[in-house]
Engineer: 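This is the structure, below, for whatever I ask next.
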Amino acid sequence: MAEEITLKVNGQPVKVPAGTVVAVAVAKTGKTSFRHSVTGQPRAPLCGMGICFECRVTINGQPHCRSCNTICQEGMEVLTDE
Amino acid sequence: MSKRHLDFDVVVAGAGPAGIVAACIAAEQGRRAVLLDMFPGIGGQIWHGSDEEPATAQARRWLKRLHASGTQVFRSMTAIGVPCPHTLFAESPEGAVEIGWEKLIIATGARELFLPFPGWTLPNVIGAGGLQDMVKSGWPVAGKRMVIAGTGPLLFPVGANLREAGAKVVLMAEQTDWGKLIGFGMKLPVMAPSKLFQAMGFQMKLLGVPYRPGCWPVSAQGRDHVESVTLTTGSKTWTEPCDYLACGFGLVPNLELPNLMGCRVENGAVWVSPNQETSVPDVYCAGEPTGVGGIDRAIVEGKIAGYAVAGRIEQVERMRPAREHARRFTEMMDSAFAIRRELKQLAAPDTIVCRCEDVTYDKLRNYNGWREAKLHTRCGMGPCQGRICGCATRVLFGWQPESVRPPVFPTSVGVLSEMGDGKKN
Amino acid sequence: MSTTCDIAVIGAGIVGSACAAECAAGGLKVLVIDRGPVGGGTTGSSMGHIVVMDDSEPQFALTSYSRTLWAELAGRLPEQADYKVSGTLWIAADDEEMQEVHRKQKFYSERGIKVEVLDAAGIANCEPNLRKNLAGGLRVPDDAVVYPPATANFLLEQAKTKGAKVRTGIKVESISTQGDIVLADASRISAGIIINAAGCWSPDITPGLPVFRRKGHLVITDRYPGFLTYQTIELGYLKSAHSVTTDSIAFNIHPRKNGQMLIGSSRQADAGDTTIDPNLLQRMLRRAAEYVPTINRLSAIRAWTGHRPATSDKLPLIGPSLEDRKIWLATGHEGLGITTSLATGRLLADLILKRPTAIPAAPYFPARLAKGDSHHG
């Protein structure tokens with residue numbers, strides 16, 4: 001049962017199977033940088049297991065959300081590089 | 001926002017193989033058990049994604065058993081603190097939760113060791129296990145050039161899974177030399193026939209992929225993301241174009257919760273009795289935190305912990321030989337896949353070591369210890385709470401970490417303010 | 001083995017570092033020792049607030065003088081010191097506290113400190129994240145924030161450029177009857193004057209010193225630039241800081257230059273340990289949310305405790321000790337150590353070098369406590 005949902009990443013609609021994590025949705029848009037480090041370097045997921053915090057994005061206005069352990073929801077608004 | 005309070009006989013923190021098995025056994029033995037994990041899906045790393053599609057037949061069997069056992073399973077629940085004895089304070093999507101236990105089993109698994117080298121902070125330089133997990137979750141890698149570098153048997157399933165997902169795995173670089181690998185491989189049929197079968201299975205899938213022992217990465221290049229990686233065998237050095245560099249330099253136990261609780265830790269692992277009980281009464285530990293040893297050790301220790309908390313000592317006794325066997329396998333692995341000296345010297349002066357605060361190697365090497373370095377450079381003061389840089393600096397400088405305070409993971413101020421001392425008014 | 005110097009400073013926290021920098025700048029041969037790293041004591045756990053306080057005339061004199069010295073130093077501070085003139089906002093929750101605002105405004109204005117009274121609309125405008133229906137507040141625009149360990153380090157580097165030596169990881173075993181510092185390895189330091197700037201550990205160096213510990217808690221969040229602009233403090237803070245015996249909390253948030261929010265504060269007497277007290281932490285965070293409801297959504301990364309070295313009259317001990325002409329004190333700064341570190345260093349150097357002091361030094365002399373009680377209570 002692969003129900004699909006639609007969310008927005010940087011304003012762009014992305015369709016993913018239900019149960020997909022936000023990090024995958026971002027990757028599907030081809031965006032390689034999820035955030036910038038404190039000195040402005042592009043960063044993306046490193047550990048994939050919720051520990052490194054490099055995958056942080058803004059979800060529905062809330063900054064610093066780990067995208068690797070957050071499940072996509074219908075209508076979610078994800079912003080990278082905040 | 002008000003805190004829920006729940007009580008269980010047995011609380012199992014961490015739903016990887018060890019935790020799943022431990023909870024299952026405890027529940028089957030009649031205990032009211034709860035299993036919690038910070039991820040939305042259970043299975044930890046080895047059985048990642050097993051909710052939807054069990055990683056192996058063994059995973060399928062255990063998950064079926066778990067669901068039949070009556071264990072309550074909480075997903076997306078993160079342990080934050082232990083405000084008073086026998087009480088775990090956690091964050092869940094619905095808010096703060098306080099869970100009382102008679103017995104606690106810590107099965108928090110392990111995380112990948114990351115060793116800094118120039119370019120390691122570029123997007124698409126990812127942990128081997130982490131990339132595997134995300135690819136299983138749908139991360140698109142079809143047609144992408146992958147270099148896998150690091151150490152240990154973990155590299156094989158990663159390579160195989162990436163190939164299955166359509167990636168072009170152009171190289172697998174194992175830092176251990178051929179001689180040591182052969183020695184390890186020869187012991188496998190005796191130690192772990194299942195491992196040999198597994199390894200060969202993966203070899204089949206990886207047909208055509210160059211596997212180079214005694215080879216390790218020295219730097220990654222790229223502007224906005226990784227575009228190539230320079231590797232060396234010591235004598236030969238070359239640069240390989242790639243879209244992804246999957247690094248896996250081995251695993252380090254997740255010791256934050258045992259440290260917080262005051263469990264005795266020796267040589268980077270939680271000390272446990274033969275019953276898997278830690279130095280703190282009623283607190284048990286199973287799987288990687290007692291010593292990284294893979295799936296077999298996790299399952300044996302999960303079983304022992306599950307039977308032990310249920311008082312079934314005769315079952316615990318029956319599993320001694322399997323436990324011993326698993327521990328010897330760990331020793332074999334530790335010795336075969338020990339990190340070579342060169343990997344500790346890859347960082348250049350301007351290589352970032354603390355990624356949260358962008359603290360470079362040259363800023364750190366003047367300090368005598370973790371606490372002093374942290375105070376003056378803010379290394380380890382970011383959201384990863386020193387998990388990534390702390391392990392790296394332990395390898396690079398021999399620094400010992402400090403004691404752990406709550407919150408064990410970052411949590412909202414609102415949830416943290418719910419913790420209190422856990423005592424009912 | 002023996003070393004000689006004019007001044008031996010025991011304690012490389014911000015106060016000891018400031019003393020070292022001033023004495024070295026005055027041409028004295030200075031040696032600083034600390035059993036731990038630079039800034040590893042109270043300095044390492046502190047908030048870093050630079051604030052002019054009006055609890056008493058001497059406290060006002062010391063804090064305002066020191067704030068001026070900070071402003072003079074600002075241009076030379078390195079980036080890691082994170083110095084920012086953020087200003088302080090004292091919050092009045094009700095009319096009674098608003099009276100206190102007016103009292104403070106009068107007090108500060110009469111003494112040349114720039115302040116501005118804000119009404120309810122004004123304070124909401126200043127800090128949109130504050131809860132509605134506050135009565136108003138007092139803005140003190142020239143107060144500042146700094147990162148103390150990096151600043152202590154900078155001050156010691158300044159001292160070194162004038163020939164000072166710093167030795168960390170060195171524990172003082174005892175002070176001999178001849179006034180030599182005896183170290184754990186039996187070597188000795190022979191100094192003209194020994195400055196006890198060991199903060200919470202100063203009674204270990206000078207037994208019987210009336211300095212006691214008041215434990216505090218702090219929580220720091222991830223980066224939320226612009227969430228708050230000012231050091232925001234409830235006026236009830238003053239009641240908390242006054243009370244010497246009971247456990248108390250008071251709302252105090254410090255936006256760091258990098259956007260992290262530092263949430264305090266708590267005070268506990270008789271708590272020598274460093275473990276987090278979950279009840280006090282809870283009270284402190286709940287209090288913060290009463291003033292800034294949206295703080296509940298911020299991510300809290302770390303929590304820690306520290307001890308403030310306190311005296312019974314809430315003023316530090318600066319000057320020659322009672323017992324020994326050779327031992328001078330620079331300790332007991334409670335929650336104002338960061339603020340008054342520079343003034344402490346300057347005053348002490350002035351006294352040692354027999355230069356005129358910019359403010360009267362007598363209120364801080366250790367001798368003042370000779371007749372009074374030497375126990376907290």
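Residue numbers start from 1 in every chain, and the chains themselves are labelled A, B, ... in the order their sequence lines are given, proteins ahead of strands.
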Engineer: Any idea how F8(B) and F74(B) line up, ring-wise: parallel (<30°), tilted (30 to 60°), or perpendicular (>60°)?
Structural biologist: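 Perpendicular, since the angle between the ring planes exceeds 60°.
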
Engineer: In plain terms, say whether E94(B) and R4(B) are close enough for a salt bridge, that is, a side-chain N and a carboxylate O under 4.0 Å apart.
Structural biologist: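 Salt bridge: yes.
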
Engineer: Classify the ring geometry between F39(B) and H48(B) as parallel (under 30°), tilted (30 to 60°) or perpendicular (over 60°).
Structural biologist: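 Geometry flag for H48(B) against F39(B): perpendicular rings.
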
Engineer: For A303(C), is it the side chain, the backbone, both, or neither that has a heavy atom closer than 4.5 Å to a heavy atom of chain B?
Structural biologist: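 Both backbone and side chain of A303(C) come within 4.5 Å of chain B.
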
Engineer: Does this structure show an ion pair linking D82(C) with R256(C), if we count only N-O contacts that are shorter than 4.0 Å?
Structural biologist: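 Here D82(C) pairs with R256(C) in a salt bridge, since their nearest N and O are under 4.0 Å apart.
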
Engineer: Does any heavy atom of chain B fall under 4.5 Å from the side chain of S299(C), the backbone, both, or neither of them?
Structural biologist: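 Contact with chain B is through both the backbone and side chain of S299(C).
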
Engineer: Counting only non-hydrogen atoms closer than 4.5 Å, does I295(C) touch chain B with its backbone (N, CA, C, O), its side chain (CB onward), both, or neither?
Structural biologist: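 For I295(C), heavy atoms of backbone and side chain both lie under 4.5 Å from chain B.
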
Engineer: Taking S417(B), C356(B), C384(B) one by one, which has the highest count of heavy-atom pairs under 4.5 Å against chain C?
Structural biologist: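 When all of S417(B), C356(B), C384(B) are compared, S417(B) has the most.
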
Engineer: For L280(C), which atoms come within 4.5 Å of any heavy atom of chain B: side chain, backbone, both, or neither?
Structural biologist: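 Contact with chain B involves no heavy atom of L280(C) at all.
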
Engineer: Select one option (side chain, backbone, both, neither) describing which atoms of R223(C) are under 4.5 Å from chain B's heavy atoms.
Structural biologist: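 For R223(C), the contact with chain B is made by the side chain alone.
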
Engineer: Please identify, among A152(C), P149(C), G44(C), G39(C), the residue contributing the most non-hydrogen atom pairs under 4.5 Å to chain B.
Structural biologist: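 Option with the greatest count: P149(C).
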
Engineer: Would a line drawn from the ring center of F397(B) to the ring center of Y361(B) be shorter than 6.0 Å?
Structural biologist: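 Centroid separation for F397(B) and Y361(B): below 6.0 Å.
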
Engineer: For chain B, find which of A300(C), P37(C), A288(C) contributes the most heavy-atom pairs closer than 4.5 angstrom.
Structural biologist: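 Counting heavy-atom pairs under 4.5 Å, the top option is A300(C).
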
Engineer: Between S86(C) and Y230(C) (side chain of the first, backbone of the second, donor and acceptor by atom type, cut-off under 3.5 Å), is there such a pair?
Structural biologist: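 Not a single qualifying donor-acceptor pair exists.
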
Engineer: Where does E357(B) contact chain C at under 4.5 Å (heavy atoms): side chain, backbone, both or neither?
Structural biologist: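 The answer is the side chain of E357(B).
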
Engineer: Between G36(C), P148(C), G40(C), G169(C), which shows the greatest number of heavy-atom pairs under 4.5 Å with chain B?
Structural biologist: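 If we count pairs closer than 4.5 Å to chain B, G40(C) comes out on top.
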
Engineer: So does K3(B) pair up with E91(B), basic N to acidic O under 4.0 Å?
Structural biologist: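 Not counted as a salt bridge, because no side-chain N and carboxylate O are separated by less than 4.0 Å.
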
Engineer: Before accepting this row, confirm whether a basic side-chain N of the pair D247(C)/K215(C) lies closer than 4.0 Å to the acidic partner's carboxylate O.
Structural biologist: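 A salt bridge is absent here (no side-chain N lies under 4.0 Å from a carboxylate O).
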
Engineer: Among the options R405(B), E372(B), M419(B), pick out the one with the most heavy-atom pairs lying under 4.5 Å from chain C.
Structural biologist: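 Heavy-atom pair counts peak at R405(B).
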
Engineer: Return the option, out of K374(B), R378(B), M381(B), with the maximum number of heavy-atom pairs under 4.5 Å with chain C.
Structural biologist: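 Heavy-atom pair counts peak at R378(B).
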
